[in-house]
Amino acid sequence: MTQPAKLQSSAPIKKIDNETDSPTQRIESRRTDELVIALCGAVGSGVSTLSKKVDTILKAKGYTTSYIKISELIGTTLKKKPVEGDSFKRTQTLQDQGNQLREDHGSDILAQLVIKEIAGQRNEQLQDEDESSDKIVEKTLTRRRYATIIDSLKNPYEVELLKKVYGNMFHIFGVLCNDVQRKERLQAKSMTDSQAVQLMERDKNEKESFGQQLLKTLQHADFFIRNNRPNTNSLDKPISRFVDLMLGQNNITPTNNEFGMYIAESAARRSGCISRQVGAAILTEGGDIVSTGRNDVPKPRGGLYGEDDDGDDCRCFKVYDKACQNEKNKKQIYQSIEQILKETLEGDTSTDKVSQISDKIQNNSVIKDLLEYSRAVHAEMDAITSAAKIGHFPLKETILFSTTFPCHHCARHIVASGIKKVYYIEPYEKSLAIKLHSDAIELNSTDGSNESKKVIFSHFEGVAPKQYLNLFSCNNRKKQGRLQDINLTTHRPTAATYLDTFLDYEAQVTKLVDEALSDKEDKNDE
């Protein structure tokens with residue numbers, strides 16, 4: 001693994017052309033074109049295939065690329081050779097080794113190793129340019145058209161550190177694929193059915209903070225892409241679109257699905273639920289908004305309590321000792337169970353034994369997943385009842401967008417209302433929607449035609465709602481009355497990243513203004 005040199009990547013603001021350059025121009029001269037792109041996907045989802053396509057497309061846009069495979073970093077760090085031959089054993093060993101590193105050195109240790117590698121590669125390249133020439137180093141840093149591709153992240157702490165270090169230059173591709181196809185891909189590598197399922201379940205969401213937590217990591221993606229297409233060449237179009245957006249293409253607009261999920265995410269921000277914020281939006285097939293919803297407490301005469309209700313606001317954080325009523329009632333159930341155990345087993349066991357049995361019931365039974373006692377209307381239900389309250393548009397054949405996979409309570413209302421398709425981002429492990437309504441709901445990972453009469457629940461593909469405003473805001477379309485052409489092989493990335501801290505710029509601007517005022521005073525004295 002490359003060792004970072006001591007070369008500094010930061011330098012004071014320098015003049016561009018002449019003394020008339022403004023502080024803004026000088027700061028802009030410290031902008032970098034560098035990108036750091038990570039991929040995140042479940043085992044068997046084809047992350048490596050997608051990584052290579054991202055690499056090829058970036059090279060076509062004038063980028064030099066570097067590929068960092070985290071599984072190789074793990075082996076290098078632990079000084080262990082990869083397991084040969086047996087795919088199941090090799091993947092299982094890598095999962096064990098990754099977890100061990102996180103447990104020993106912190107949940108973000110693999111991100112630390114990635115950062116060290118990126119820094120080492122950059123410093124080597126700068127030294128190759130000309131270690132003694134500040135001008136060459138400066139130019140290389142600010143116009144360095146270089147992208148690092150990371151394959152792949154599995155823990156949200158890794159995302160958190162990389163985002164803090166690289167800011168706007170860091171992007172995540174979330175790779176999606178249904179369980180059936182993932183299992184088939186793993187079995188094609190000579191794994192048994194049980195081995196494939198074991199790896200998939202472990203990869204999804206281990207309890208330990210240092211473990212494999214794919215579901216939580218995926219939620220941080222800037223772009224979601226499904227890798228379940230029959231021909232991998234069909235991946236080129238969506239990947240190219242995402243890359244073009246990153247690089248500032250000025251004639252790309254949101255799809256109906258991206259718009260729908262952005263509206264759902266916006267609705268979620270209105271929620272005051274102390275457990276979580278969930279949003280939903282119902283749109284026509286043509287992309288027109290029918291209604292929106294959020295999870296919150298209902299109020300008399302219709303609707304939910306909100307910021308405008310002032311003194312009448314009775315959401316949980318305003319009343320009931322600011323406690324979640326669902327959690328409060330579940331706690332009462334646990335206390336009742338413990339009391340029954342004490343009365344039933346009196347004389348047969350110790351108090352400690354009763355507590356142990358009660359704890360096992362609390363942690364291993366479905367009671368912990370109960371939703372019955374929440375005061376909040378769920379976002380999907382709110383969207384449906386809001387449409388009923390307004391009463392202008394039937395829900396039959398509409399599409400619902402939800403930031404989270406619908407729970408089984410919402411699922412039955414979705415089915416009954418006539419909604420034909422649901423898109424979601426965040427999985428919801430507590431939901432029994434498919435188990436209870438397999439006759440009416442079908443999981444589907446494609447946007448293709450589907451003759452099924454069931455309601456289709458599908459993972460969202462497209463630009464993540466959090467990037468909607470960043471990537472679709474465009475101020476440079478027109479020039480002399482025509483669409484301005486953008487050369488994506490030289491155009492700077494949409495999200496600006498600068499090489500220095502605000503403290504550097506603050507000090508430099510202070511120095512500039514002091515010099516300017518001092519010069520003015522000197523001239524007046526003359």
Side-chain angles (χ1 to χ4, degrees), residues 35-42 44-63 65 67 145 147-152 171-178 181-182 185 218 221-262 283 285-287 399 401 421 423-425 444-450 456 458-474 477 483-495:
L35 294 171
V36 177
I37 298 173
L39 289 97
C40 171
S45 62
V47 170
S48 294
T49 299
L50 208 81
S51 299
K52 292 172 184 175
K53 288 192 171 291
V54 172
D55 180 88
T56 300
I57 290 167
L58 281 168
K59 284 176 178 174
K61 306 298 182 185
Y63 269 84
T65 61
Y67 181 70
R145 206 164 177 80
T148 302
I149 300 168
I150 305 165
D151 174 9
S152 63
H171 300 274
I172 307 175
F173 281 72
V175 186
L176 313 169
C177 186
N178 62 53
Q181 286 180 287
R182 288 170 53 214
R185 287 172 181 168
L218 261 177
D222 299 297
F223 309 97
F224 296 99
I225 187 165
R226 302 194 195 97
N227 187 18
N228 61 314
R229 294 165 170 84
N231 186 339
T232 57
N233 289 333
S234 60
L235 290 168
D236 294 345
K237 184 176 179 180
I239 296 172
S240 292
R241 180 174 180 267
F242 295 154
V243 170
D244 287 356
L245 280 167
M246 278 194 288
L247 298 182
Q249 183 57 273
N250 59 359
N251 61 353
I252 300 176
T253 57
T255 64
N256 286 347
N257 285 2
E258 288 167 337
F259 174 64
M261 194 57 77
Y262 173 70
L283 274 66
E285 199 164 18
I399 301 172
F401 297 85
K421 186 173 284 188
Y423 288 103
Y424 65 93
I425 289 181
N444 190 334
S445 299
T446 70
D447 274 327
S449 61
N450 195 308
I456 306 302
S458 186
H459 203 297
F460 168 75
E461 179 179 74
V463 174
K466 67 179 181 179
Q467 289 288 6
Y468 188 91
L469 293 180
N470 295 332
L471 296 177
F472 292 118
S473 298
C474 189
R477 279 195 178 138
L483 177 70
Q484 181 172 251
D485 291 330
I486 300 293
N487 183 354
L488 293 183
T489 62
T490 58
H491 198 264
R492 315 206 79 164
T494 302

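- In terms of the side-chain contact (heavy atoms from CB on, under 4.5 Å) criterion, residue partners of T489 (sequence neighbours excluded) are, by chain and number, N487.
- Distance check: I225 CD1 to I239 CD1 gives 4.5 Å after rounding to the nearest 0.5 Å.
- How far CG of L235 is from CG of N228: 9.0 Å, rounded to the nearest 0.5 Å.
- Between P465 and I425, the closest side-chain pair of non-hydrogen atoms falls below 4.5 Å.
- With sequence neighbours left out, D236 forms a side-chain hydrogen bond (donor to acceptor under 3.5 Å, both in side chains) with K53.
- In terms of heavy atoms, S45 sits closest to R185 at O-NH1, 3.1 Å.
- Between the side chain of N227 and the backbone N or O of C177 there is no donor-acceptor pair closer than 3.5 Å.
- We find the CG-CZ distance between L471 and F242 to be 10.0 Å, quoted to the nearest 0.5 Å.
- N256 contributes atom CG, which lies 10.0 Å from atom OH of Y423 (distance to the nearest 0.5 angstrom).
- Looking at residues two or more places apart in sequence or on another chain, you find a side-chain contact (heavy atoms from CB on, under 4.5 Å) between L218 and C40, L176, L214.
- For the atom pair CG of D485 and NE2 of H491, the computed distance is 11.5 Å after rounding to the nearest 0.5 Å.
- Under the rule for a side-chain contact (heavy atoms from CB on, under 4.5 Å), the partners of D151 that lie at least two apart in sequence or sit in another chain are V47, S48, S51, Y67, K69.
- Applying the side-chain hydrogen bond (donor to acceptor under 3.5 Å, both in side chains) definition to pairs two or more places apart or across chains, those involving residues 464-474 are D222-Q467, Q467-N470.
- In this view, R492 and D33 satisfy the side-chain hydrogen bond (donor to acceptor under 3.5 Å, both in side chains) rule, not counting sequence neighbours.
- Partners of S240 according to the side-chain hydrogen bond (donor to acceptor under 3.5 Å, both in side chains) rule, which considers only residues two or more places apart in sequence or in another chain, do not exist here.
- K52 pairs by the side-chain contact (heavy atoms from CB on, under 4.5 Å) definition with nothing, not counting sequence neighbours.
- In plain terms, the two heavy atoms of F173 and A221 that are nearest each other are C-CB, 4.4 Å.
- For residues 242-262, every residue pair satisfying the salt bridge (Lys or Arg N to Asp or Glu O under 4.0 Å) rule, not counting sequence neighbours, is listed here: K61-D244, R241-E258.
- With sequence neighbours excluded, the residues forming a ring-ring contact (aromatic ring centres under 6.0 Å, His included) with F224 are H459, listed by chain and number.
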Let me check something: any side-chain donor-acceptor pairs from residues 245-254 under 3.5 Å, sequence neighbours excluded? List them with distances.
| unit_1 | atom_1 | unit_2 | atom_2 | d |
| --- | --- | --- | --- | --- |
| N250 | ND2 | N476 | O | 3.3 |
| N250 | ND2 | Q484 | O | 2.8 |

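- Note: E461 CD to N257 CG = 9.0 Å, rounded to the nearest 0.5 Å.
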